[in-house]
Student: 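Input: one structure, supplied below.
Just the heavy atoms: all of them, side chains too, but no hydrogens, waters or symmetry mates, feed the values below.
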Amino acid sequence: MPTQNLIIDPQKLWDAIMETAKFGATPKGGIKRLTLSDDDKRVRDWFKAACEALGCTVSVDAVGNMFAVRPGKRADLLPIALGSHLDTQPTGGKFDGVLGVLGALEALRTLEATGYETNAPIMLVNWTNEEGSRFAPAMLCSGVYAGVFTPDYAYARTDRDGKTLGEELARIGYRGSAPVGSHQFQALFELHIEQGPILEAEAKEIGVVTGVQGMRWYEVTVSGQEAHTGATPMKLRKNALLGAARMIQAIDKVGMDYLPGVASVGLIENRPNSRNVVPGEVFFTVDLRHPDEAILDRMEAAFRKALPDCAAGQDLGFEEKRIWNSPAVAFNTDLIACVRRGAEKAGYSTRHMASGAGHDAAYIARVAPTTMIFVPCLGGLSHNETESTTLDECGRGAQVLLNAVLEYDRQLGDRPQPIC
Ligand code: GLV
Ligand code: MN
Ligand code: MN
């Protein structure tokens, strides 16, 4: 039986999701809102105005992370943070990241509407460049916050057109003056769609997230020789695209050999990409993931062994570099318990689960107690314009987010000092 007395308004949350979905809307009903694009600026401006309308102070750190704070009763307590990201993939959906930020906004709106005073301040966060699609790696600016990367490293990341993250931050007016890390908080809760099929398949309403699997990204360049497609006999070709194709097939096999591990190639550039030139150079990216770091090591070894095997016999050269390693993360057990109790209070069914996708929470877990809440998405489909989660599912997630934060906050009332 539901026992909570602060009830979020699912329709208001839904309206906010649909309103912000116009910033970067795609014809198939999704969103293209690459980080630090003009549409990212528009949604940031919208979010800032919405937070200010609720009486929050909004500030931005030097890598564009946005923080909005509603004061609590006790000045000696650090805020409790809630948030996610507003950037999307090039063919992204309406919910990945957005639900976590706007669900947090709806939780805060509910507190404000009812005049409820928390012990600790409540802080909403929008992290910069979670997706890692425009600027690799993913979770970049939560990573700067957590001390994994320096601000200079983040500023120097380039997109495929050679523009840097630092320039683009300044261009859209979100290179803030506050030092990264100066917005301290004592705990972070991130609401997100599951992005996988488990909750839907098991008809569970809420995922109580226990951690995030390990992720490693690599870049590979294969070199062959450009030549005329009509005049160069098959046996004399050094076809970089053919070598890359064989490598991609071998990488897929690495995933299949180490299930539930996954191995993917998502970005490929073929040069010179002319229909009557044998390709001379191919660049592609590799993404390997597994919940167990020791098995991820074996996947990495299998991938590295496959590359020379595929290049052999075709007289191809190649270079490979690991550009990112985000180890597997276990979330904080006290916060996980707050989420479970928050879901129980609302009367929702739960399932404990690890995340297959990367999230800002994975880096923040290094510097503060952290956890996540998942809600189902249709067919487990995400990073897709048709990504779909219902009004009720979004509402349940935001309700559990609010309940979990209040569970945590109530415990603070009994404690003389901040708990971290
Ligand atoms: C982020 O969406 C990731 O999991 O790569
Ligand atoms: Mn996300
Ligand atoms: Mn994503």
Side-chain angles (χ1 to χ4, degrees), residues 78 80-85 96-97 100 104 125 127 130 132 137-149 181 184-199 202 204 206-217 258-262 287-300 322 324-344 350-375 382 397 400-401 403-405 407-408 411-412 418-420:
L78 288 172
I80 305 168
L82 305 66
S84 191
H85 61 97
D96 174 359
V125 191
W127 300 107
E130 191 277 346
M139 298 140 51
L140 181 64
C141 295
S142 52
V144 179
Y145 184 95
V148 180
F149 309 116
Q184 290 192 343
F185 49 82
Q186 61 170 301
L188 174 85
F189 292 86
E190 180 171 355
L191 168 64
H192 209 281
I193 57 169
E194 180 199 341
Q195 307 185 272
I198 297 169
L199 291 174
E202 298 186 8
K204 298 289 190 202
I206 294 293
V208 178
V209 188
T210 52
V212 178
Q213 69 177 342
M215 300 169 267
R216 299 182 192 179
W217 282 8
Y258 290 92
L259 298 172
V262 283
D287 174 332
L288 303 183
R289 305 188 191 202
H290 199 286
D292 181 330
E293 286 294 316
I295 300 180
L296 198 45
D297 284 343
R298 284 161 55 197
M299 291 174 71
E300 181 175 88
R322 185 166 84 185
W324 187 43
N325 179 13
S326 175
V329 172
F331 286 142
N332 179 277
T333 50
D334 291 342
L335 269 65
I336 292 172
C338 289
V339 170
R340 189 179 39 72
R341 283 198 299 275
E344 279 167 9
T350 58
R351 188 211 201 270
H352 284 61
M353 60 197 309
S355 173
H359 298 287
D360 295 306
Y363 275 152
I364 299 307
R366 296 184 184 210
V367 290
T370 298
T371 198
M372 296 188 71
I373 300 155
F374 279 174
V375 295
S382 173
V400 174
L401 177 66
N403 289 4
V405 167
E407 282 285 326
Y408 182 87
Q411 295 169 20
L412 296 176
I419 64 166
C420 68

Student: Not counting sequence neighbours, which residues clear salt bridge (charged side-chain N to carboxylate O under 4.0 Å, His left out) with R322? List them please.
Tutor: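 Result, salt bridge (charged side-chain N to carboxylate O under 4.0 Å, His left out) vs R322: E300.
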Student: From I364 CD1 over to M372 CE, what is the distance, rounded to the nearest 0.5 angstrom?
Tutor: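 Result: 11.5 Å between the selected atoms.
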Student: Using side-chain contact (heavy atoms from CB on, under 4.5 Å), reason through L199 and M353 one step at a time and then give a plain yes or no.
Tutor: CA-CA 9 Å; L199 291 174; M353 60 197 309; 3.9 Å; yes
Student: Do side-chain atoms of Q186 reach the backbone of I80 as a donor and acceptor pair under 3.5 angstrom?
Tutor: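 The answer is no, because no donor-acceptor pair under 3.5 Å joins these two groups.
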Student: Which distance, rounded to the nearest 0.5 Å, do you find between the CG of D96 and the OG of S84?
Tutor: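 One gets 7.0 Å once the value is rounded to the nearest 0.5 Å.
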Student: Could you pull out all residues at least two apart from F331 that satisfy ring pair (Phe, Tyr, Trp, His ring centres under 6.0 Å)?
Tutor: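 Checked F331 against ring pair (Phe, Tyr, Trp, His ring centres under 6.0 Å); zero matches.
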Student: Hey, what do you get for CG (L188) to CH2 (W127), rounding to the nearest 0.5 Å?
Tutor: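 That separation rounds to 6.5 Å.
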Student: The criterion is ring pair (Phe, Tyr, Trp, His ring centres under 6.0 Å); which residues satisfy it with F149, sequence neighbours excluded?
Tutor: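 Expected list: Y153, Y363.
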Student: Partners of E202 by side-chain contact (heavy atoms from CB on, under 4.5 Å), sequence neighbours excluded?
Tutor: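 With sequence neighbours excluded, E202 shows a side-chain contact (heavy atoms from CB on, under 4.5 Å) to I198, K204, R351, given in chain and number order.
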Student: Please list, chain by chain and in numerical order, all residues satisfying side-chain contact (heavy atoms from CB on, under 4.5 Å) with A357, sequence neighbours excluded.
Tutor: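 A357 satisfies side-chain contact (heavy atoms from CB on, under 4.5 Å) with Q195, S355, H359 once adjacent residues are dropped.
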Student: Please check: side-chain N/O of S382 versus main-chain N/O of G196, any donor-acceptor pairing under 3.5 Å?
Tutor: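 Side chain of S382 to backbone of G196, a donor-acceptor pair under 3.5 Å: no, none is there.
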Student: Under the side-chain hydrogen bond (donor to acceptor under 3.5 Å, both in side chains) rule, collect the residues that match up with T370, sequence neighbours excluded.
Tutor: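 Checked T370 against side-chain hydrogen bond (donor to acceptor under 3.5 Å, both in side chains); zero matches.
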Student: The criterion is ring pair (Phe, Tyr, Trp, His ring centres under 6.0 Å); which residues satisfy it with H85, sequence neighbours excluded?
Tutor: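 Listed in chain order: H192.
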Student: Restricting to side-chain contact (heavy atoms from CB on, under 4.5 Å), what partner residues turn up for P327, sequence neighbours left out?
Tutor: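 E293, N325, R366.
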Student: Can you tell me how far CG of L335 sits from CD1 of I373, rounded to the nearest 0.5 angstrom?
Tutor: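 Nearest 0.5 Å value for the CD1-CG distance: 9.5 Å.
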Student: Looking at residues at least two apart in the chain, or sitting in another chain, which of them share a salt bridge (charged side-chain N to carboxylate O under 4.0 Å, His left out) with D297?
Tutor: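 With neighbours one apart ignored, the set is R216.
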Student: With sequence neighbours left out, what residues match C338 under side-chain contact (heavy atoms from CB on, under 4.5 Å)?
Tutor: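 Here the qualifying residues are F189, R341, A404, E407, Y408, Q411.
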